[in-house]
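These notes are about the structure you will find just below.
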Number of protein chains: 2
Amino acid sequence: MKEGPDIAQIGALIGDPARANMLAALTGGRALTATELAGVGGITVQTASTHLAKLEAGGLLTQRKQGRHRYFTLADEAVARLIESMMGFAAGRGHLRHQPGPKEPALRKARICYDHLAGDYGVRMLDSLIASGSIDAVGDGLALTEKGESDLQCIGIDVSDLRSSRRPLCRSCLDWSERRAHLAGSLGKALLSSFLDKGWARRTAESRSILFSPEGDRQFLKLFPVDA
Amino acid sequence: MKEGPDIAQIGALIGDPARANMLAALTGGRALTATELAGVGGITVQTASTHLAKLEAGGLLTQRKQGRHRYFTLADEAVARLIESMMGFAAGRGHLRHQPGPKEPALRKARICYDHLAGDYGVRMLDSLIASGSIDAVGDGLALTEKGESDLQCIGIDVSDLRSSRRPLCRSCLDWSERRAHLAGSLGKALLSSFLDKGWARRTAESRSILFSPEGDRQFLKLFPVDA
DNA sequence: GCGATGCTTCGGTTACGATCAAAGTATGAA
DNA sequence: TTCATACTTTGATCGTAACCGAAGCATCGC
């Protein structure tokens, strides 16, 4: 008994509904203040403050002081992956939210997952990249091909820049709504950034969902076709 | 707020120390009775019973009645992966157990992870298989090569048998003690089974650790060399 | 300096859940 | 049948942690 690392601590940290909501909100990638997080957690700022202190002590969060605000973010990508993988697991077990809500469809279509695109559009993009031979899917792993590198160059993404970082270029991330993989890693981030830069899509204020403009939608679907 | 699946429920399930210990013990792959699980959880049978009922209701466990015993196992491999990934995360954050204990070294050397080999030996085996060209590592995924298939045939593992199952052949699983990948999937299971069948190693009664015989140790190290 | 805002700390209440003893149910052995 | 084992259910206790009000700091704008 008592073998291995202590999973009960982080389980308990994630196990509180208010904290889980905060973490889920932070999986959106942007830094949030204590007051904002109190909002998503449905609690007062005092309570939120103690929760945030616990999460920080547990190594899940980091905070950055900026003036009289304190911005909280997930400690690193590993935390984001843990949260998303738990969401995927929970979705598979039917542990869904009680109220689907009106925002749900938008969230399923396209949302941000830490720093890359998820949802129907995220899955579609990866499928298309694989079908066109830009990405090789071997087993459960992903690798960029030479064709993919030159194709990406054409749409303004310099892969050699990305390679210089320590972060893996391609990573598959299980999508909780689609139950299939989408593209994470530095390439996933770069692609989403380029969509936002081009004005094809924009992030929403309070939600993880990503809204495509009519023109951006057209361009995206053209760039990442799916053969019938 | 309140977006996505509910991770707080499973977080809370794993968040209790007694339940976490039970789950960790069941990651050893074998079915355990309620009384045995009460032992690893350090609680009475009554308390264990309520815990087990909760875990079953949450979809993490299944039970099988056999005479007057009730054998509990993890619901499926996804649960095992979740637990191991949380262990890996916890180990990375330094959420280690307070008492390392005397069994720790054996556990780090070789242990069972659901149904395949983990620990130093598990990582070594995968490294060797990759170095010899039996397995291709692309990105974070794994794929068996033709050479690998014939090599495995030589040591008595029929890959075509394994392919018939729905379960993926090769899967990489992050090792919490080594912080590197070892081989999971049906091939990982088949390899460990063959070691046990050959009498190279045996499982221990109360622990997840796997004990190699002197002869088995020699054979294993010869079969999976690491080039300096 | 002043007040306003953002956040944390303190104190006290409350509620939930983990715990076990004791009683109840099911299976097996004699 | 009777007793023993394996487990669950019930009931009651207890501790902890979530929660908020109020007070205490820190920072900004004026």
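Computed from a predicted structure; not experimentally measured. Quick note on labels: first sequence line is chain A, next is B, and so on, each numbered from 1.
Partner of Asp115(B) under the salt bridge (charged side-chain N to carboxylate O under 4.0 Å, His left out) criterion, chosen from Arg208(B), Arg203(B), Arg171(B), Arg167(B): Arg167(B). Of the listed residues (Ser207(A), Ser209(A), Ser177(A)), just one forms a side chain to side chain donor-acceptor pair (under 3.5 Å) with Arg111(A), and that residue is Ser177(A).
For the pair Glu36(A) CD and dG6(C) P, the computed distance is 10 Å after rounding to whole Å. The CG atom of Leu52(A) sits 14 Å away from the C1' atom of dA18(D) (whole-angstrom rounding). Here the C1' atom of nucleotide dG28(C) and the NZ atom of Lys65(B) are 12 Å apart, to the nearest Å. For the pair Leu55(A) CG and dA17(D) C1', the interatomic distance rounds to 14 Å; values are reported in whole Å. Gln66(A) has its CD atom 14 Å from the C1' atom of dC28(D), to the nearest Å. A straight line from CZ of Arg68(B) to C1' of dG28(C) spans 4 Å, rounded to a whole angstrom. Regarding Asn21(B), its CG atom lies at a distance of 14 Å from the C1' atom of dA18(C), rounded to whole Å. The NE2-P distance, from His51(B) to dC20(C), rounds to 9 Å in whole Å.
A ring-centre distance under 6.0 Å is not found for Phe224(A) and Tyr121(A).
Between dT8(C), dT8(D), dA18(C), one nucleotide has an atom nearer to the side chain of Ser49(A) than all others, and that is dT8(C). Checking dT8(D), dT8(C), dC19(D) against every side-chain atom of Ala34(B), the shortest atom distance belongs to dT8(D). If you check dT19(C), dT8(C), dT9(D) against the side chain of Gln46(B), the one that comes closest is dT9(D).
Each of Ala48(B) and Ala12(A) lies near DNA chain D, and the nucleotide nearest Ala48(B) is the one positioned closer to the 5' end.
Under 4.0 angstrom from either OP1 or OP2 of dA17(D) there lies no side-chain N or O belonging to Lys54(A). Between Thr47(A) and dC20(D) there is a side-chain N or O to OP1 or OP2 distance below 4.0 Å. Regarding contacts with the backbone of dC20(C), a side-chain N or O of Thr44(B) is found under 4.0 angstrom from either OP1 or OP2.
Across all their heavy atoms, Asp175(B) and Gly119(B) have their closest contact at OD2-N, 2.6 Å.
Judged as a side chain to side chain donor-acceptor pair (under 3.5 Å), and not counting sequence neighbours, Arg202(B) has no contacts.
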